[in-house]
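Throughout, numbering of the chain's residues begins at 1 and tracks the sequence. Note that the coordinates shown come from a computational prediction; the quantities given were computed from them, not determined experimentally.
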Amino acid sequence: MNPDTTPAPRIIAAPGSWIEGAAVQQLEAVAALPGMQRAVGMPDLHPGKVTPIGAAFASVGLIHPALVGNDIGCGMGLWTTELKRAKAKPAALAGRLHGLDGPWDGDTAARLAAAGLAPTACDAALGTIGGGNHSAELQAIEAIHDAPAVAALGLEAERLLLLVHSGSRGLGEHILRAHVERHGHAPLAADSDDGRAYLEQHEHARRWAIENRALIAARISDCLRTTGERRLDVCHNSVSAALVDGCACWLHRKGAAPADAGPVVVPGSRGSFSYLVQPAPDSEATLYSIAHGAGRRWKRSDTRARLQRRFTADDLTRTALGSEVVCEDRELLYEEAPPAYKDIDTVIRDLVDAGLARVLAVLRPLVTYKLRARVRA
C-alpha cells in the first residue's frame, strides 16, 4: 500500500441496495484522513454524527479515537438458557423483567476485580443496558441451516437464547471526551505516550463492556429464574492491530463485527429476525469485518414525526412477529421502531452474495427489553 495515496472506499452492497448518500460522503471523508489506507462500508452503512456507522478502517501509524467513538467495546453476547421454547409466552416473560435499569445490588468492585479490572468512576453503570439501540432480547431458533455448526456452539432448538447488546456505558464516553478536550478529533501516533495511554484505556473499556454484558445476562437470568452459558461475545466498536496487505495497520471498527473471530449474530430491528452467520475465513479485502446489524434508515430525530400518525406507543410494544417490546420511554420507543431500520434480509443477502458469510441459523425475537422508566409525554 502506498501511504501517499488516498484509497477509494469500498462498499459491500448490491447495486439495488439503498445506502444513504450522507453515509457515503462520510466514508469518503474518513478515507482521506491522515494515515488512512483502506475504508470499507458494510451493507448496514448509515450516517453517524461525524463518521459513518457500519464500517471498518485501516490506518498506518495512527490511531483515530473518533472512529471508535464513545461506546468503546460495544458488542453483542449470546447466551443459552434453560427456558423451553414450547412453554414460552412472551407477555409473561416480559412481565418478569424488573429491576434491571438501576445499579446492580451486588459487589461491583469485587466482580470487576475478579475480572482483573481496576475500579473507575463509571462502575455504578455495570450491568445496565443503556440507551440508543442497546437492548437484551430473548430469542428462539426459527430455522437451522447448518445443524453441525449450531450444535457445536451448544445451541438447542428447544431452548431459548438471550442476546445482549451493550457496551462500556459512561466509561467509553469519558475516554473519548478526555481525548477530544485535549486533541479535538486529531489522531494519535500509536507509538506516542498519548497513543499508548489511549490504547490502554481502550482495552480497559473493551473488557469492561464484556463484563457489562455478562452481568446484564446474569440479572435477566435471575429475573427469569433460569441459568445459561455464554456462547459468543463479539465487539463491534474497537481498534486493534492487524496486518493488511502485509502492512502493520490499526484496524478501526465502527459498527462492524469481526469476521475473524468465529460465528456472529447479525440482528435486525426489534421486529425482525436475527441471523447467526459464519463469516468467510479469507476476509482481508473487507478488513476482516462484516455487518453488525440492519443499520438505520431514518435519523432518530425524524422517526417519531414519521410514525406517530401511523402507530400509537402501545402499537409499538408488540411487533408483527408477535414479540413483546419493553420500553417505557415513549421517545425511544418511536426512535427504535422497526420501520426506522433497513431490511435485515437485504443486509444478509448482500453479505452472502459477496461471499462474506453463510447463514447458520435464523433467530426469532420473543421479548426485547430496553428499559422500564417514566414515560415521557
Side-chain angles (χ1 to χ4, degrees), residues 42 44 48-49 51 53-57 63-79 104 108 111-137 162-180 188 190 195-219 230-242 250-267 287-293:
M42 304 299 154
D44 58 330
K49 292 180 179 179
T51 60
I53 301 167
F57 313 97
I63 299 165
H64 293 261
L67 297 184
V68 179
N70 64 338
D71 200 5
I72 300 167
C74 184
M76 299 182 192
L78 184 68
W79 277 258
W104 181 50
T108 301
R111 186 178 182 106
L112 289 170
L117 292 170
T120 76
C122 303
D123 294 343
L126 190 75
T128 60
I129 292 170
N133 64 346
H134 293 167
S135 66
E137 188 165 272
L162 174 61
L163 181 70
V164 177
H165 176 198
S166 191
S168 55
R169 306 289 279 115
L171 180 57
E173 172 70 29
H174 172 78
I175 293 169
L176 180 64
R177 188 184 305 118
H179 169 77
V180 171
L188 300 172
R196 285 187 287 269
Y198 174 80
L199 288 173
E200 183 177 342
Q201 294 165 358
H202 168 282
E203 177 62 10
H204 184 106
R206 186 191 68 81
R207 292 173 56 203
W208 195 101
I210 293 171
E211 193 61 29
N212 184 45
R213 290 189 285 273
L215 184 52
I216 291 168
R219 296 180 77 179
R230 180 165 49 194
R231 299 304 184 186
L232 302 173
D233 194 283
V234 178
C235 169
H236 53 239
N237 279 8
S238 66
V239 60
S240 58
W250 290 100
L251 173 55
H252 303 72
R253 292 186 175 106
K254 179 61 175 176
D260 55 356
V264 172
V265 176
V266 184
L287 296 178
Y288 313 103
S289 302
I290 63 169
H292 81 309

> Specify the closest pair of heavy atoms between S289 and A56, including all atoms of both residues, with the distance to one decimal.
OG-CB, 3.6 Å

> Would you give the length of the straight line joining atom CD of Q201 to atom CD1 of I175, rounded to the nearest 0.5 angstrom?
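Going from the CD atom of Q201 to the CD1 atom of I175 covers 5.0 Å.
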
> Tell me if the aromatic rings of H179 and H202 count as close, with their centers under 6.0 Å from one another.
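Between H179 and H202, the centre distance exceeds or equals 6.0 Å.
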
> If you look at every heavy atom in A214 and W79, which pair is closest and at what distance?
CA-CZ2, 3.5 Å

> With side chains defined as the heavy atoms from C-beta onward, is the minimum distance between L199 and W250 less than 4.5 Å?
yes

> Determine whether a donor-acceptor pair (N or O, by modelled atom type, separation under 3.5 Å) exists between the side chain of R169 and the backbone of L126.
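Not confirmed, R169 side chain does not pair with L126 backbone.
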
> Can you name the side chain to side chain contact (heavy atoms under 4.5 Å, CB included) partners of R196, sequence neighbours left out?
D191, D193

> So which atom in S240 and which in R253 form the shortest heavy-atom distance, rounded to 0.1 Å?
OG-NH1, 4.4 Å

> Looking only at heavy atoms, what is the nearest atom pair of G255 and I53, with distance?
CA-CG2, 4.2 Å

> Roughly how far, to the nearest 0.5 Å, is the OH atom of Y198 from the CD atom of E203?
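E203 atom CD to Y198 atom OH measures 11.5 Å (nearest 0.5 Å).
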
> Sub-3.5 Å donor-acceptor pair from the side chain of H64 to the main-chain atoms of H252, do we have one?
no

> Taking the side chain as everything from C-beta on, heavy atoms only, tell me whether H165 gets closer than 4.5 Å to P267.
no

> Go through C122 and E173 one step at a time and tell me if the side chain to side chain contact (heavy atoms under 4.5 Å, CB included) criterion holds.
CA-CA 10 Å; C122 303; E173 172 70 29; over 6 Å; no

> For residues D44 and H292, determine if any side-chain heavy atom of one lies less than 4.5 Å from a side-chain heavy atom of the other.
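SC-SC contact between D44 and H292 confirmed.
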
> Using 0.5 Å steps for rounding, measure from the OG1 atom of T120 to the NE2 atom of H204.
5.5 Å

> Between V234 and P258, what is the shortest heavy-atom contact and its length?
CG1-CD, 3.1 Å

> Would you compute the distance between atom CG of N70 and atom NE2 of H174 and round it to the nearest 0.5 angstrom?
13.0 Å

> Indicate yes or no: at least one non-hydrogen side-chain atom of L67 is less than 4.5 angstrom from one of K254.
no

> Over all heavy atoms of both residues, which pair between L232 and P263 is shortest? Give the atoms and the distance, please.
CD2-O, 3.7 Å

> How many angstroms lie between CG in L78 and CD in E137, if you round to the nearest 0.5 Å?
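L78 CG to E137 CD: 11.0 Å, rounded to 0.5 Å.
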
> To the nearest 0.5 Å, how far apart are CG in D260 and CG in L251?
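Here the rounded value is 8.0 Å.
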
> Between N212 and S168 (side chain of the first, backbone of the second, donor and acceptor by atom type, cut-off under 3.5 Å), is there such a pair?
no

> Look at the side chain of R206 and the backbone N and O of S238, then say whether any donor-acceptor pair between them is shorter than 3.5 Å.
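No, because the side chain of R206 does not come within donor-acceptor range (under 3.5 Å) of the backbone of S238.
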
